[in-house]
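Here the structure comes first, spelled out in structure tokens, and everything after it is commentary.
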Amino acid sequence: MHDIKEIRKDIDAFKKALEKRFIDIDYEKLKSLDILNRELIQKKEILEREKKDISKSKDETLFEKSKNISQSIDKIIEEQKKIKFDLDKILSNIPNIPHKDVPYGKDENDNVEIKRYGKIRKFEFVPKSHYELGEKLCMLDFDLASKTTGTRFVFVKKKLALLERAISNFMLDTHISKNGYEEISPPLLASENSMYGTGQLPKFENDQFEVKLEEGSDRKFLIPTAEVILTNIVRNTMMDLKSLPLRFVASTPCFRKEAGSYGKDTKGMIRQHQFYKVELVSIVEQNKCLVELERMTNCATRILDLLELPYRKMILCSGDMGFSAEKTYDIEVWIPSEKKYREISSCSSCSTFQATRMKTRYKDQNKETLFVGTLNGSGLAVGRTLIAILENYQEKDGSITIPKVLRPYMNNLERISLN
RNA sequence: GGAGAGAUGGCUGAGCGGUUGAAAGCACCGGUCUUGAAAACCGGCAAAGGGGCAACUCUUUCCUGGGUUCGAAUCCCAGUCUCUCCGCCA
């Protein structure tokens, strides 16, 4: 959420900064609502002052007048609330301003590759897709999932289920013991406030699974990413400067409706309604966001290095970035069957955008109250890592070699094959 | 699910319907003292919003939302959350 005071100072600069985002904002309306809002506040405060004086004087002859003032105040408040509501509605739908490092561009085609890592394996046979391999091994079952649940779900079975668990544990252990993150096993439901805090609401309600509880109770949502919960840990708090930075990691299922991606990646487990993801979240002093973003991205790529999977690092263009992000790196892993790189991690700095929504602040050395910076990144998406391992480590007979670092997590199993 | 108790500033914790934005303590900041530190003593210390170039000033805020009243942290109603006891249960 942007501060209207900052916008007011230089609305043209604000407009310009957001041009890169390709979104429609009614700036004239924003401006006029802001002015109207402040006018009403002033009117109200003058009357309140008057009322307060009467009350203090305890002069009974003025009590009747005070009553009348109350009525006028009520009217003004009602009007002002409406204006403020409209104003907030516009504000809460404006995305974060892209950092100046962010390349200009409309969509994913304009993302810029920074560097490639690892060696792409040369196959002496035509590499199969992960779903062909998984189904042949009888360890990925999409039909069964559509029977019990519906489309965009999958059963992972036997040794692949073990592999999935191994991937998750390996990532967690690495982030905890090597990268300095604190392990969390969080709730998988988030309140409406939490969803607002990280920016999923109000704009992206359509992507969320809402859970029906009792009639009249507060709304709850299945988390689309652990980012929601991990970041909201600090919602509405005054942080101790000494406690920063905070770094959390969690491995959780994530739930997304994937509305608007009908017909996209329908085959296989690239895009599911439910998937595991190891999530990294950092809470930092606001001027340390970009340094932390580099650090976090390195924590994510380290996993791929250890798994010996080829990948490339991308910086997202302005048009492809998420709502709350000021700067985002995507990590894309090589998928042999598609002969292309696919997203396996996304690391973003949200600057103070989420903190202003969450009201998370700290006092710096000068005792000035500032909003914290928040960052989140996948470290990594477990399901897609499973896919990458299946495809990159496949053998001609359809068996899968297990990456060395994962073997300790799988009773030293070296290979997954049909038997 | 049944029965109670509670929610106050960064934290702990007082608070007869009218100088209570809120005692006290802790923490924090500044100063005196000290070779330095600690202790002691003195002083400062909430947030949000509005107006002003500024010094400054005004309004709001004691969980949230309604209500009573000239006036509410204090009284009434509803809700949320927390805690204790009982029951049930992974």
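Within every chain, numbering begins at 1; the chains are lettered A, B, ... in the order of the sequence lines, protein sequences first and strands thereafter. Note that the structure is a prediction, hence the values are computed from the model and not measured.
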* **Spacing of the C1' atoms in B/G67 and B/U74 (rounded, Å)** => 15 Å
* Asked: In whole angstroms, how far is the C1' atom of B/U69 from the NZ atom of A/K67?
  -> 9 Å
* Should A/R342 and A/D265 count as an ion pair when the cut-off is N to O under 4.0 Å? -> yes
* **Length of the NZ-P vector between A/K51 and B/C70, whole Å** => 10 Å
* To do: Provide, to the nearest angstrom, the distance between the NZ atom belonging to A/K242 and the C1' atom belonging to B/C11.
  => 13 Å
* Got a minute to check which stems RNA chain B is part of, using Watson-Crick or G-U wobble pairs under 3.5 Å, three or more consecutive? -> B:1-7 with B:80-86, B:10-12 with B:24-26, B:28-32 with B:40-44, B:46-51 with B:56-61, B:63-67 with B:75-79
* **All ring pair (Phe, Tyr, Trp, His ring centres under 6.0 Å) counterparts of A/Y104, not counting sequence neighbours** => A/F22
* Asked: Can you find a side-chain donor-acceptor pair between A/S251 and A/S168 that sits under 3.5 Å?
  -> yes
* Provide the distance between the two C1' atoms, one in B/C75 and one in B/C62, to the nearest whole Å. => 16 Å
* Asked: Which whole number of Å gives the distance between the P atom of B/A39 and that of B/C28?
  -> 9 Å
* Asked: So, are A/K264 and A/E258 salt-bridged, with charged N and O less than 4.0 Å apart?
  -> no
* To do: Examine A/R357 relative to A/Y196 and say whether NZ or CZ is less than 6.0 Å from the centre of the six-membered ring and inside a 45° cone about the ring axis.
  => yes
* Taking CD1 from A/I46 and C1' from B/U57, how many angstroms apart are they, rounded to a whole number? -> 13 Å
* Please list all pairs passing the ring pair (Phe, Tyr, Trp, His ring centres under 6.0 Å) test where one or both residues lie in residues 1-20 of chain A, with sequence neighbours left out. => A/H2-A/F14, A/H2-A/F353
* Selection residues 149-174 of chain A - residue pairs positive for ring pair (Phe, Tyr, Trp, His ring centres under 6.0 Å), sequence neighbours left out -> A/F153-A/H273
* At under 4.0 Å between heavy atoms, which parts of nucleotides 44-54 of chain B does protein reach? Answer with one letter per nucleotide, 5' to 3': B base, S sugar-phosphate only, - none. => --SSSBSS---
* Structure fact -> Rounded to whole Å, the CG-P distance (A/N236 to B/G9) equals 11 Å
List the atom pairs, donor and acceptor, that lie under 3.5 Å between side-chain atoms in residues 39-54 of chain A and the rest of the protein, sequence neighbours left out.
| from | atom 1 | to | atom 2 | distance (Å) |
| --- | --- | --- | --- | --- |
| A/E50 | OE2 | A/K65 | NZ | 3.3 |
| A/K51 | NZ | A/S70 | OG | 3.2 |

* **Sub-4.5 Å side-chain heavy-atom contact between A/L309 and A/Y393** => yes
* Structure fact -> Residue set satisfying side-chain contact (heavy atoms from CB on, under 4.5 Å) with A/D107, at least two apart, ordered chain then number -> A/N109, A/D110
* Between B/A37 and B/U32 - C1' atom distance, rounded Å -> 15 Å
* List for me each residue that meets salt bridge (charged side-chain N to carboxylate O under 4.0 Å, His left out) alongside A/D34, sequence neighbours excluded, and say none if there are none. => A/R8, A/R38
* **Spacing between A/K43 atom NZ and B/U60 atom P, to the nearest angstrom** => 18 Å
* Would you kindly give the CG-to-P distance between A/D240 and B/G10, to the nearest whole Å? => 13 Å
* In terms of side-chain heavy atoms, does A/N96 have a donor or acceptor partner in A/S351 at a distance below 3.5 Å? -> yes
* Asked: Any salt bridge between A/K16 and A/D12, counting N to O under 4.0 Å?
  -> no
* Mind checking the C1' distance from B/U84 to B/A90? Whole angstroms is fine. -> 23 Å
* Ring centre gap for A/F204 and A/F323 strictly below 6.0 Å -> yes
* To do: Rounded to whole angstrom, note down the C1' distance from B/G52 over to B/C58.
  => 11 Å
Please output the side-chain donor-acceptor pairs of residues 178-185 of chain A that fall under 3.5 Å, not counting sequence neighbours, one pair per line with the distance.
| from | atom 1 | to | atom 2 | distance (Å) |
| --- | --- | --- | --- | --- |
| A/N179 | OD1 | A/R302 | NH1 | 2.9 |
| A/N179 | ND2 | A/H175 | ND1 | 2.9 |

* Asked: So does A/K52 get a side-chain nitrogen or oxygen closer than 4.0 Å to the phosphate oxygens (OP1/OP2) of B/G71?
  -> no
* Asked: What distance, rounded to whole Å, do you find between the two P atoms, one in B/G44 and one in B/C56?
  -> 16 Å
* **Nearest-angstrom distance from the residue atom NZ of A/K359 to P of B/U61** => 16 Å
* Between A/E210 and A/R219, is there a salt bridge with N-O shorter than 4.0 Å? -> yes
* **Members of residues 70-84 of chain A that approach RNA chain B, where some heavy atom sits under 4.0 Å away** => A/S70, A/K81
Between the protein and nucleotides 73-75 of chain B, which nitrogen or oxygen pairs come in under 3.5 angstrom?
none

* Structure fact -> Under a 4.0 Å heavy-atom cutoff, the residues of residues 59-66 of chain A touching RNA chain B are A/F63, A/S66
* To do: Side-chain contact test, heavy atoms from C-beta onward, threshold under 4.5 Å: evaluate it for A/C254 versus A/I223 and give yes or no.
  => no
* Using the C1' atom as the reference point in each nucleotide, state the distance between B/G25 and B/G15 in Å, no decimals. => 15 Å
